[in-house]
Structures are given as C-alpha cells and as structure tokens.
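Sequence lines set the chain letters: A, B, ... in the order given, protein chains first and strands last, and positions in each chain run from 1. Side chains are part of it too, since the values below use all heavy atoms of this structure and drop only hydrogens, waters and symmetry mates.
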Number of protein chains: 2
Amino acid sequence: MTEAARSAEAHPFDDAVALKPVAEGVYNGRTHPAYANMVGPFGGITAAAIVRAVLDDARLLGDVISLTVNYAAPVADGAFEISLTPVRTNRSTQHWTVALTQDGVVTTTATVVTGIRRDTWSDAEITMPDVPPADAVPVRPMPDFVAWARNYEMRYLEGELPDADTGAQPDSTTTLWVRDQPSRPLDVPALAALCDVFYPRILRRKGTFVPAGTVSLSSYFHATAEVVRAQGDRPVLATARAGVFGAGYFDQSARLWSADGELLATSHQLVYFKG
Amino acid sequence: MTEAARSAEAHPFDDAVALKPVAEGVYNGRTHPAYANMVGPFGGITAAAIVRAVLDDARLLGDVISLTVNYAAPVADGAFEISLTPVRTNRSTQHWTVALTQDGVVTTTATVVTGIRRDTWSDAEITMPDVPPADAVPVRPMPDFVAWARNYEMRYLEGELPDADTGAQPDSTTTLWVRDQPSRPLDVPALAALCDVFYPRILRRKGTFVPAGTVSLSSYFHATAEVVRAQGDRPVLATARAGVFGAGYFDQSARLWSADGELLATSHQLVYFKG
C-alpha cells in the first residue's frame, strides 16, 4: 500500500492498520505518521495491525482471545510485512504465530489465540472503579510532540502525564476515559491499541521524562462481539499501574471497561527503562 | 533421552526438564510421569523445560525477563522436541521464538525475552501480604490423583482446593507457601513452573470440579540472580486470583514473593473452562 492509496475518507486508525494481502498469511502494511512515537510507531498500533491481520485471514476460527506482542526492535518508518501461521487449529481454539518484518529482518513477534466463545457461567471479580461519567471529566491532551496521542481523546481521572511541577509520585496509577479521536466505533483492533494507551509508569513515579519502551505486551480480550458492538464510540475506562521497578525493567497491569461497566480487556506488559 | 538415562540421584524436577541438545537450538526432552496432570503434563513443567532450553543455549544474552507459553494442545506422554530461535539480539535484550513439537506437530509455542539487568532505581508498588511464616502453616497436599502436585510442598493460607463440602465461593483468591518437594534451591526454571502452581480458579468459585486448562501464560521475572540465589530452598509465597469469568474463559493474575519479601515474578494466564 502506498501513501497515495490511503483513503481520504477512512479514519486514521483504519488507515494505519490497513493491510494488503500478498499471499496466504502474508500482508503488507505501512507505518502511519499519525501514530508515530518517540522511536518508531506507538506500540498499540503495531498490536492492532497484528490483530487486523489475524481477523483478515480466511483461516480464522473464532474471536481474538489472547495476544502477546514482543517489541524486538523499533519499526522503521515505511513498509512492513506481517506473516502469520495458524500452527494449531483445534475444535474451539486456534493458535497463531506472527512475525512483523522489514526487509526480511524481524522487528516484532507475536502469538495470538483465537477461540469460539460459548455460553457459560460468568462473573466478574474485579469491578469498575467508581468514577464520574466521561462527559464530566475535562479532555486533557498529551503534549503535542507525542504524535500518536493526538488520535485519542483522553480524560484523566488520576495520574495524568507529569509536567515540570509534578515531581516524583508515590503511586503509578493512571485512570482515564479514552476513545479514538475522531470518535470511532470500538472493535477488537482498536481495543488492542487501547491496551497500550498509557504513558510509561516510570514517568509518573520519577515525575520526569525517562526513556522507556514496552518489551512484551499480553492482552486478554474478555468482551463478546455483542459487548464490543454495544460500546459504540463511547469512551472506555482504562486504568493501569506498575507492580515493581528494578534492574532496568518494570511491569504494568491494565484493565479496560466498557461505558456500561463490563470488563473489555486485561493487559499486562514488561517495560524497559533507563536510569 | 530414555527413561533409563534419567539420573537416579537427580531431583525429579531436574530430570523432568533435562534436555539433550541435538543441533543448535534443538533439544530433545521427554515427559516425566511425576509431573503428569489430568490431560498431558503440568503446564508449569512445560514452561520450565522451555526456560531450561533457552538457558542452555550458547547464544543466550542475559537473564530470562519475560516468557509467554501458549498451550496449543496437550503434550502426549513420551518424547518431545524443543526448537528455539534468537530472532533478534540487541545490545541488552534478546528475543526468542520457541516451538515444542511431537512427531513434527506443534503442541506448544512460546516467546521468551532475555536481557541484561542493570543497576537502576527500584521500587515495589505491590507488597507481600502479611501472613504467618511458612513453618507456622500446616502442609496440606492436593488429592493424590494429581500427580504433579506431589512434587510441591503446599501450605495454604487461603483458598485451598475445595472439597465436597466447600461449596461455591465468592472470591477465587488462593495464597500459599510453596516449594519443590523434596526441597531444592530455587532457580529460574523452577520459578517458571511455580508461576503455574495454582489449581484452576473456576474450581474455587464453583466449589466443584470443572474441566479447565491454561491457554496462554505470561510470566515476568523480576528477581535478579542474587535474589533467586538468596532464596535457596525456602518456600515462596504465591498468590493468585481471577479477574473475570465468561464465555468459556477466565483470566488469572499471580504474584510470587521470596521468603525475604521480594517480588520474584508476576504471572498472568488465560484459562479455558467448560460449563
């Protein structure tokens, strides 16, 4: 796909994850300047493109249930290829291995589990934080130099990006209402991207900029297709915090709820940081 | 490796994860009857064998930082092959893809990130639960038909395996002191296995047996080599709970602390269940 091929009407998100099939399980994509991060693209958009590829594959069985993305190296601006293999297809689950390459060199690996959801007993042990509705919370964008963040309408309830006066904080929790900007009905690729919408927790703890990048991200998708559809373009409640920092790494756990209070996804990542 | 080749002196755990290199990045192993589960081996021992393979590879850079294992199909009793590829080696991190096969058919896929730990700022946001020391808690084994569990000394603080009288429970949390049995100094393969030492959370919620199996497991290893060494053969404090159950799946998050109160690992999994 060339820049010229991008649709003038499409949402920037859909443009950014648009893929051209070139063989069975092989897709060509291209980084989108709107989703650029400090070094390479926003990790969430790479995760979303991988989910897009699996969903586009005719061999797909069921819904995306689990996704792990390993960010082995920054994706350079320009063309990339996603290749995916359904290494095992069972009666109700399917296991995929995925590689994102540029000029034949791996930048990203992933595994995806898809599966048929069935009607079973259900219960949530973790509940949505009790917060004001999205429209009662002011929109507060990230600084303008973070290109990808301009694609998200962010309404922080706690733990917004520190500024020069914030100082070190004792707790890394961030909670926000967030949706695509311009707004767009939620789907699983968009949810996969939202799982990575949090700035690095180390910034909040130190109260200053620290180079950091996700090494490995695992997201579990709990919402049925009906729940995702019912969400429409309303904001999602997203919260994340770190577990432990040390020896150059920290972990982060996140939860994303629908506007109706259903747990859409849980997501965990290990993050590299400097200093 | 044949059964006969197993060492009479070795700890059953080391026997179960013993691998024979047959080519660069290719190892032969064999399931161990002592680590059998209902269908196929204990998922933790498969994770441990994968970690063992990465640690045995001469190309290894750094420590095991992150591990994702996808249980695509049960491993049948008998021989298996683990093949691993360091798809990307950077200055301080290395990304591996792994497949476990039997007769050329994939049963398990994995990705591993290894990395050099550096001296950085450190802090724990989550703290060890305040519990009695291990020697004040009685050992309570799992039922004898769960073969693998006989390799662990389990001292439950809460949420032990339900029996016929337990009934449904409102909360899935299980917390226990646990170590290998016979005791054995902790290492990273053993820690990888311990991340999966919890019986399925759905059993506690329903108060009865429900068929369930891990689909995807991701573990983050926080402990430096010194912390792992300092642990020795003392029990680890392990706690796990579910997030949400529904449509045939639930998620579980676990934390494992050293006897000195250091967070050794955090681990998350998505689990399939029936009914």
Side-chain angles (χ1 to χ4, degrees), chain A residues 65-66 68 70-73 87-88 90 92-93 95 97 99 105-107 109-111 113 115-126 170-173 201-202 205-206 215-216 218 220 222 224 241-251 253 255 263 266 268-270 272-275, chain B residues 65-66 68 70-73 87-88 90 92-93 95 97 99 105-107 109-111 113 115-126 170-173 201-202 205-206 215-216 218 220 222 224 241-251 253 255 262-263 266 268 270 272-275:
Chain A
I65 303 288
S66 166
T68 292
N70 301 291
Y71 298 92
V87 289
R88 183 99 190 196
N90 302 313
S92 64
T93 59
H95 286 257
T97 58
V105 178
V106 173
T107 66
T109 68
T111 56
V113 184
I116 297 170
R117 296 188 205 267
R118 296 161 298 107
D119 199 27
T120 62
W121 179 77
S122 67
D123 188 66
E125 286 200 23
I126 54 177
D171 178 295
S172 68
T173 306
R201 305 294 83 207
I202 185 78
R205 290 303 309 278
K206 302 290 274 182
V215 169
S216 186
S218 289
Y220 303 135
H222 305 296
T224 60
R241 75 170 299 185
V244 65
F245 301 83
Y249 298 92
F250 69 89
D251 63 330
S253 283
R255 298 166 175 179
L263 190 62
T266 44
H268 310 280
Q269 57 179 271
L270 195 75
Y272 164 91
F273 74 96
K274 251 190 158 150
Chain B
I65 302 288
S66 167
T68 292
N70 301 290
Y71 299 91
V87 289
R88 183 100 189 195
N90 302 314
S92 64
T93 58
H95 286 257
T97 59
V105 178
V106 173
T107 65
T109 68
T111 56
V113 184
I116 296 170
R117 297 189 204 267
R118 296 161 298 106
D119 199 25
T120 63
W121 180 78
S122 67
D123 188 66
E125 286 201 23
I126 54 178
D171 178 296
S172 68
T173 305
R201 305 294 84 207
I202 185 78
R205 290 303 308 278
K206 302 289 273 184
V215 170
S216 186
S218 288
Y220 304 135
H222 305 296
T224 60
R241 76 170 298 183
V244 65
F245 301 82
Y249 299 93
F250 70 87
D251 63 330
S253 283
R255 298 165 175 179
E262 300 231 35
L263 189 62
T266 46
H268 311 280
L270 195 75
Y272 165 92
F273 74 95
K274 251 191 158 151

Return the [atom1] to [atom2] distance between [X] and [Y], rounded to the nearest 0.5 Å.
X	Y	atom1	atom2	value
Ser218(B)	Asn70(A)	OG	CG	8.5 Å
Ile202(B)	Lys274(B)	CD1	NZ	13.5 Å
Arg255(B)	His222(B)	CZ	NE2	9.5 Å

Residue selection (most heavy-atom pairs with chain B, distance under 4.5 Å) from [options]:
options	answer
Gly246(A), Ala247(A), Ala124(A), Pro170(A)	Ala247(A)
Thr173(A), Ile116(A), Val106(A)	Val106(A)
Arg117(A), Glu125(A), His95(A), Gln269(A)	Glu125(A)
Ala242(A), Ser122(A), Ala99(A)	Ser122(A)

Could you look at [X] and say if it's the side chain, the backbone, both or neither that has a heavy atom under 4.5 Å from chain B?
X	answer
Arg241(A)	side chain
Leu270(A)	both
Thr109(A)	side chain
Asn90(A)	side chain
Ser172(A)	both

**Asked** Which heavy atom of Ala73(A) sits nearest a heavy atom of Arg88(B), and at what distance?
**Response** CB-CZ, 3.2 Å

**Message:** Please give me the minimum heavy-atom distance between Val113(A) and Ser216(B), naming the atom from each residue.
**Reply:** CG2-CB, 4.4 Å

**Asked** With only heavy atoms counted, which part of Thr266(B) is less than 4.5 Å from chain A, the side chain, the backbone, both or neither?
**Response**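 Side chain only.
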
**Asked** Which atoms of Ser92(B) come close to chain A, meaning under 4.5 Å heavy atom to heavy atom: side chain ones, backbone ones, both, or neither?
**Response** both

**Asked** Do Tyr249(A) and Ile65(B) come within less than 4.5 Å of each other through their side chains, counting heavy atoms only?
**Response**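 Tyr249(A) reaches Ile65(B) side chain to side chain.
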
**Asked** Considering only heavy atoms from C-beta outward, does the side chain of Trp121(B) approach that of Arg205(A) to under 4.5 Å?
**Response** yes

**Asked** Phe250(A) vs Phe245(A) aromatic rings, parallel, tilted or perpendicular, using cut-offs 30° and 60°?
**Response**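 Plane angle between 30° and 60°, so tilted.
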
**Request:** Look at the aromatic rings of His268(B) and His268(A) and report parallel, tilted or perpendicular, splitting at 30° and 60°.
**Result:**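 Ring orientation, 0 to 90° scale: parallel.
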
**Prompt:** chain A: which of Ile126(B), Asp123(B), Asp251(B) shares the most heavy-atom pairs with it under 4.5 Å?
**Reply:**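 It is Asp123(B).
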
**Prompt:** Looking at Thr224(B), Val215(B), Asp119(B), which has the largest count of heavy-atom pairs under 4.5 Å with chain A?
**Reply:** Val215(B)

